[in-house]
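Count residues from 1 along the sequence. The shown structure was predicted, so the numbers you read here are calculated from the model rather than taken from an experiment.
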Amino acid sequence: MNKKTGKILVIDDDKDILLTSRVVLKPEFELIKTENDPFKIPLILRETDFDVVLLDMNFSTGKTKGKEGIYWLKEIFKINPEQNVIMITAYAEINLAIESMKIGAVDFIIKPWDNEKLIATVSSAVKLSHSKKKVQQLKEKQENLKNEIEKSYEQMIGISEAIQKVQSDIEKIAKTDANILILGENGTGKELVARAIHRHSLRSEQIFVNVDLGALPESLFESELFGHTKGAFTDAKSERSGKFEIASGGSIFLDEIGNISPFMQTKLLSVLENREIVKLGSNKVVPVDIRLISATNMPIKEMAEKDEFRKDLLYRINTVEIVLPPLRERVEDIPLLVDFFQKQYQKKYKKPDLKLDKEALKKFKRYDWPGNIRELKHIVERAVIMCDSNTIKPEDISLHFEGSNTAKKDSFNIDEIEREAIRKAIQKHKGNLSNAARELGMGRTTLYRKMNKYGI
């Protein structure tokens with residue numbers, strides 16, 4: 001037995017018409033709602049997303065000019081320009097019914113109607129409604145895909161034992177639908193790993209949606225992730241799908257999940273538990289089918305122990321955990337990474353004959369790389385640009401902190417001094433941020449914020 005679909009709203013001041021329409025349409029469609037007061041239309045349409053509205057041409061006793069029907073038709077389109085409306089009209093009002101179709105009504109039905117004709121007319125309108133929604137979702141997915149395709153993502157490069165383990169873990173978990181949590185410092189390649197998981201998953205032909213939670217204000221959290229209806233807030237001029245709905249069928253990557261507020265954590269947990277979203281301004285539940293991949297550079301387990309991150313949300317997002325090593329722990333990969341980025345930028349800046357001096361490579365290997373691969377990439381690009389000869393020499397490489405584990409000796413820049421102090425304290429206490437914060441004389445929250453600021 002096929003599941004009934006289609007939500008229908010019938011608006012008419014004749015109670016017999018409302019009763020008849022309910023009796024005729026209820027066996028055929030998912031939901032039939034009837035209303036005899038047109039002034040309730042705005043509230044009803046904001047509470048429920050109807051596929052079709054059947055609207056009478058007249059509501060005041062003794063009036064048959066159809067002006068009220070035209071007025072309320074226009075009001076419906078102000079609320080939802082894409083709403084499918086069928087006008088209910090008497091034979092004498094056919095000209096007005098045709099006028100209403102010019103305004104945007106999809107059809108009209110003449111009363112007294114033939115029941116089969118009514119069902120056929122409403123069924124066609126429901127199919128049209130579903131088609132419109134699919135087209136809108138496809139447009140939103142195509143826009144998201146276009147943005148993703150235009151970006152450039154490097155392959156995972158490395159021969160170190162640490163990076164080989166990461167690649168092995170990806171192969172093991174990619175074919176499952178398990179929730180993945182990727183941990184690692186800024187610039188270690190967390191998004192690259194997330195994309196590799198998606199690329200090798202059973203959802204690889206579907207969409208991958210990337211959401212930077214760290215850059216998302218709390219005021220926009222629900223709208224961006226779950227979507228909104230028209231009029232849900234001041235600037236909501238049209239209905240919009242959220243990232244979860246767009247990602248349905250594919251994978252969603254929630255980057256910097258450790259940065260979100262308790263309010264955002266609660267909202268996110270509810271969606272992940274039920275795999276359902278409700279758009280802002282709506283009561284309609286929309287199921288979503290997503291593969292969840294999350295990432296953070298924060299000490300999220302320590303935060304959970306201190307009640308700064310919900311334990312139940314942490315359990316939900318890390319069925320499997322991948323820890324990315326910092327670049328300073330995979331020095332043997334630096335020559336490969338430098339070569340990869342150098343070739344990339346030689347092509348971009350039209351310097352095909354550029355070579356790398358052996359002493360320059362040693363300088364790359366001696367450096368501590370607090371900004372990890374992201375910092376390495378930027379410094380290689382700068383070296384390619386600034387090199388005046390056919391060979392990149394040590395003097396062409398401008399590092400933030402010269403030498404290993406030491407800041408520029410002649411630097412009096414407060415940010416550089418503070419960044420180096422934080423990095424040294426974390427290194428001294430072997431990653432224990434509570435002890436590092438205590439030695440630095442600051443709270444853990446302040447330390448987390450400064451780590452984000454300096455890319456540590």
Side-chain angles (χ1 to χ4, degrees), residues 137 139-153 177-184 186-199 201 203-204 206-228 232-233 235-236 239-280 286-298 300 303 309-310 313-314 316-322 324 374 448 452:
Q137 287 176 354
K139 283 181 179 178
E140 290 169 342
K141 289 197 175 189
Q142 285 172 347
E143 183 180 350
N144 198 90
L145 281 169
K146 179 175 178 290
N147 292 335
E148 295 300 321
I149 289 168
E150 287 174 352
K151 296 178 181 177
S152 174
Y153 295 96
D177 250 358
N179 294 339
I180 311 299
L181 177 62
I182 306 168
L183 301 175
N186 279 339
T188 49
K190 295 187 287 296
E191 183 179 351
L192 188 65
V193 171
R195 289 180 177 278
I197 292 169
H198 175 73
R199 191 165 57 250
S201 75
R203 298 169 179 257
S204 59
Q206 301 299 320
I207 194 169
F208 176 95
V209 175
N210 177 14
V211 185
D212 184 357
L213 295 179
L216 190 61
E218 186 172 304
S219 58
L220 296 178
F221 179 80
E222 289 184 85
S223 173
E224 284 294 314
L225 262 62
F226 313 139
H228 61 252
F233 50 88
D235 294 326
E239 183 168 335
R240 181 183 175 189
S241 296
K243 299 297 188 183
F244 271 88
E245 189 174 5
I246 292 172
S248 192
S251 303
I252 187 165
F253 176 50
L254 302 182
D255 200 4
E256 303 298 351
I257 197 168
N259 291 31
I260 63 176
S261 69
F263 167 80
M264 295 158 81
Q265 292 175 33
T266 302
K267 290 287 184 180
L268 182 57
L269 176 63
S270 176
V271 169
L272 297 181
E273 284 180 335
N274 301 313
R275 287 300 200 266
E276 294 175 341
I277 57 104
V278 178
K279 291 185 178 181
L280 200 60
V286 179
V288 289
D289 170 26
I290 53 98
R291 166 68 175 286
L292 177 68
I293 308 171
S294 307
T296 183
N297 68 324
M298 306 287 270
I300 199 165
M303 291 167 66
F309 194 89
R310 292 187 64 131
L313 178 57
L314 178 58
R316 179 69 60 178
I317 64 178
N318 75 333
T319 305
V320 181
E321 193 175 281
I322 292 180
L324 288 183
R374 185 180 298 139
Y448 300 155
N452 271 330

Quiz item: Can any side-chain N or O of H198 pair as donor or acceptor with the backbone N or O of Q206 at less than 3.5 Å?
Solution: yes

Quiz prompt | Donor-acceptor contact present, side-chain D177 to main-chain R291, <3.5 Å | solution = no

Self-check item: Closest non-hydrogen atom pair, S248 against P287
Solution: OG-O, 4.5 Å

Self-check item: Interatomic distance, N179 atom CG to T319 atom OG1 [nearest 0.5 angstrom]
Solution: 4.5 Å

Quiz prompt | Whether K190 side chain and L183 backbone form a donor-acceptor pair below 3.5 Å | solution = no

Practice problem: Could you check if a side-chain atom of L268 sits within less than 4.5 angstrom of a side-chain atom of I257, using non-hydrogen atoms only? | Solution: yes

Practice problem: May I ask you to decide whether E224 forms a salt bridge with R240, counting only side-chain N to carboxylate O separations under 4.0 Å? | Solution: yes

Quiz item: Should the ring pair F244 and F226 be called parallel, tilted or perpendicular, given that the plane angle runs from 0 to 90° and is split at 30 and 60?
Solution: tilted

Exercise. Determine the minimum heavy-atom distance between L269 and L313, stating which atoms define it.
Key: CD1-CA, 3.9 Å

Quiz item: Any side-chain heavy atom of I207 within less than 4.5 Å of one from I246?
Solution: yes

Self-check item: Heavy-atom side-chain contact between I260 and L254 under 4.5 Å
Solution: no

Self-check item: Approximate separation, where rounding is to 0.5 Å, of N297 CG and N186 CG
Solution: 4.0 Å

Self-check item: side chain to side chain contact (heavy atoms under 4.5 Å, CB included) assessment of L216 paired with N259
Solution: CA-CA 10 Å; L216 190 61; N259 291 31; over 6 Å; no

Practice problem: Enter the distance from L213:CG to K243:NZ here, rounded to the nearest 0.5 Å. | Solution: 11.0 Å

Quiz item: Can you tell me how far the CZ atom of F208 sits from the CZ atom of R195, to the nearest 0.5 Å?
Solution: 4.5 Å

Exercise. Please report the closest heavy-atom contact between G258 and I300, naming both atoms and the distance.
Key: CA-CD1, 4.3 Å

Quiz item: Are any non-hydrogen side-chain atoms of D289 and R275 less than 4.5 angstrom apart?
Solution: no

Practice problem: Of all the heavy-atom pairs spanning I317 and L292, show the shortest one and how long it is. | Solution: CG2-CD2, 3.9 Å

Quiz prompt | Closest non-hydrogen atom pair, A232 against L280 | solution = CB-O, 3.2 Å

Self-check item: Test item: side-chain donor near acceptor, T296 and E256, under 3.5 Å
Solution: no

Quiz item: Step by step, would you call F253 with S294 a side chain to side chain contact (heavy atoms under 4.5 Å, CB included)?
Solution: CA-CA 6 Å; F253 176 50; S294 307; 6.0 Å; no

Self-check item: Donor-acceptor under 3.5 Å (D212 side chain, G214 main chain)
Solution: yes

Practice problem: Find the distance between OG (S251) and CZ (R199) and round it off to the nearest 0.5 Å. | Solution: 11.5 Å

Quiz item: Do you know which two heavy atoms are closest between I182 and A194, and how far apart they sit?
Solution: CD1-N, 3.7 Å

Quiz prompt | Distance-only polar pair, side chains of T266 and R310, donor-acceptor under 3.5 Å | solution = yes

Exercise. Could you check E273 against R316 for side chain to side chain contact (heavy atoms under 4.5 Å, CB included), going step by step and ending with a plain yes or no?
Key: CA-CA 8 Å; E273 284 180 335; R316 179 69 60 178; 3.2 Å; yes

Self-check item: Beyond-backbone contact of D255 with V211, side-chain heavy atoms, under 4.5 angstrom
Solution: no

Exercise. Find out whether I293 and V193 are in side-chain contact, i.e. whether some heavy atom of one side chain is under 4.5 Å from a heavy atom of the other.
Key: no

Practice problem: Identify whether the distance between the nearest side-chain nitrogen and carboxylate oxygen of K279 and E245 falls below 4.0 Å. | Solution: yes

